[in-house]
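As structure tokens, the structure follows; a few thoughts come after it.
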Amino acid sequence: MHHISIIGAGYVGLVTGACLAALGMHVICYDIDGEKIDTLSKGVLPIYEPDLQYLVTNCIKNKRLEFTKDLKVAVECSEIIFITVNTPTLDNSECDLTHVYEAVRGIAEHINGYKLIVSKSTVPVGTGRGIKQMLREMLNASGNRISFDVVSNPEFLKEGSAVYDFINSDRIVIGSENEFAANIMKEVYSDQIMCGVPVLVTNLETAEMIKYAANSFLAAKISFINEMAAICELCDADVTQVAKGIGLDSRIGLQFLKPGPGFGGSCFSKDVRALAGISAKMGFRPVILDSILEINRQQTDRMLQKIKNAVGELKSKNIAVLGVAFKPGTDDIRESPSLAVINKLVEDEASVSIYDPKALNVLRKTHPGLKLHYCRNPYTACAKSDCVVLATEWPEFADLDFVRLKTLVRRPVFLDLRNVYQPSYVKSFGFYYEGVGIK
Ligand code: UDX
Ligand code: UDX
């Protein structure tokens, strides 16, 4: 049985740790945030992620999943150490590697035998090699001859289906410099590999680049369809059918062609910006990457313009926003396009009522100064509203009672930023309706 340590028990670290424990490994998770470890030790999750609670509870019970505040314990008791700390973006668009290097320093301090260090955080190309060099220098400086390997093993987990994605990966990418380390990684993922998940073994740099390229391509699909949506609106075409019409071509594919208020979440903007930054630093202007970001920025203004077109001056208007999570199935609001629209509405002195099935607590905690009316359900949020904005496509918003809604609102205006409804259906209840790229 492999003993695995996870440094950074956030979204990726916790999902990775819990899934590996469920697959039979012994996993110990360390986090710099002691409060988080206290909470997790009691089996309470600081985040909402489907299926994760079940895995964590069971794995704690059968002692395959443990938590520690002591980095020494985490480093000493495992041969395989995953680094899953956050890698935020600096003001200059570069990726902040402070936490990664902090983890490496911790490993150097407590190393007590061969370690395979798995870089899972999304990091600029060259970071794996940098980790290796830094660790070697630190060990040499203290006269330590212990051997280690560094591999890059990017994650492709989508929040809201991260557990499913881990078990049913499309592929496993292992960036390694030698066969020994790559083989250990193959053992870690042996269950998935046995089920037919393809493995791609590359060098360190290629694995790191694959992660950035994958997220950039997915973000490009979204920005592309959002641009098509803008054009469709001008020429009375239906972007939903355009997406289907092109997506059925197997060379294009149907996924990630849903128009909306722009992509959010902790990864897409951060990773596209970081890759654009890396590229620019090397003297190459990344035209596509810059455009992906520019279109996504414009999308907030386009959504705001839709609201203004429908209700006029925003000052003192009541706007009901349904959904603040960056997508359904999560309470994560990082880079949420809904939140970007809400901020602009508040700036323009609209009165905003908000309901989200999972993310209101996180919103309250992270944005205490934002003046909003927090509501218990979609209907209280819509009461006396001049405009209802469906901003996150939670399943419970797909079945709204429009008869009831019509009696509650001040003006029957429904802006469906996720194209959840057929326009004719909403209009049949006497609402003004607008989607993104459909009318
Ligand atoms: C991960 C990352 O690995 C990132 O590179 C990738 O692009 C997206 O997924 P995520 O899991 O979303 O990030 O981050 P977060 O939920 O913030 O978790 C990071 C955890 O690391 C936090 O719990 C934080 O307390 C912890 N941490 C941070 C440490 O344990 N040590 C540190 O030095 C810094
Ligand atoms: C993403 C990647 O999908 C995952 O592989 C990577 O490892 C982490 O980053 P995540 O950010 O959790 O995952 O969510 P994802 O499902 O990719 O959605 C990101 C954003 O794009 C959301 O705001 C979503 O609403 C938006 N989106 C997605 C669209 O607007 N249209 C689409 O067709 C798909």
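In what follows, residues are counted from 1 in the order of the sequence shown. Both ligands and their constituent atoms are indexed starting at 1 by order of listing. Every value quoted in this text rests on a predicted model; they were computed, and no experiment measured them.
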(message) Below 3.5 Å, N or O to N or O, backbone or side chain included: is there any such pair between I222 and ligand 2?
(response) no
(request) List every atom of ligand 2 that sits less than 4.0 Å from any heavy atom of L257, numbering the atoms from 1 in the order shown and giving each element. (result) 33 (O)
(message) E393 versus ligand 2: do any nitrogen or oxygen atoms come within less than 3.5 Å of each other?
(response) no
(message) Are any of the N/O atoms on F263, whether in the backbone or the side chain, positioned under 3.5 angstrom from an N/O atom of ligand 2?
(response) no
(message) Is there a side-chain contact between P378 and F397 in this structure, where contact means two heavy atoms from C-beta onward sitting under 4.5 Å apart?
(response) yes
(request) Begin with the C-alpha distance, continue with both residues' side-chain angles, and end with the deciding distance and a verdict on side chain to side chain contact (heavy atoms under 4.5 Å, CB included) for L65 and C29. (result) CA-CA 8 Å; L65 182 61; C29 295; 4.0 Å; yes
(request) At a heavy-atom distance under 4.0 Å, which protein residues reach ligand 1? Sort them by chain and number, would you? (result) G8, A9, G10, Y11, V12, D31, I32, D33, K36, T84, V85, N86, T87, H99, S121, T122, E155, C267, K270, R334
(request) Report, in ascending order of atom number, the atoms of ligand 2 lying under 4.0 Å from any heavy atom of G264. (result) 19 (C), 20 (C), 22 (C), 23 (O)
(request) Could you pull out all residues at least two apart from H110 that satisfy side chain to side chain donor-acceptor pair (under 3.5 Å)? (result) none
(message) Once side chain to side chain donor-acceptor pair (under 3.5 Å) is applied, do any residues pair with S5, and if so which ones, sequence neighbours excluded?
(response) S78
(request) Please identify each residue that fulfils side chain to side chain donor-acceptor pair (under 3.5 Å) with N377, with sequence neighbours left out. (result) T380
(message) Aromatic contact between Y433 and Y421, with the criterion being ring centroids under 6.0 Å apart: yes or no?
(response) no
(request) With rounding to the nearest 0.5 Å, note down the distance linking OH in Y374 to CG in L363. (result) 3.5 Å
(message) Give the atom numbers and elements of ligand 2 that come within less than 4.0 Å of a heavy atom of R418.
(response) 25 (O), 30 (O)
(request) Please confirm whether K358 makes a cation-pi placement over Y48, using NZ or CZ under 6.0 Å from the six-membered ring centre and within 45° of the ring normal. (result) yes
(request) Output, in order, the C-alpha distance, side-chain angles, deciding distance and verdict of side chain to side chain contact (heavy atoms under 4.5 Å, CB included) for F402 and Y425. (result) CA-CA 10 Å; F402 280 95; Y425 176 75; 3.9 Å; yes
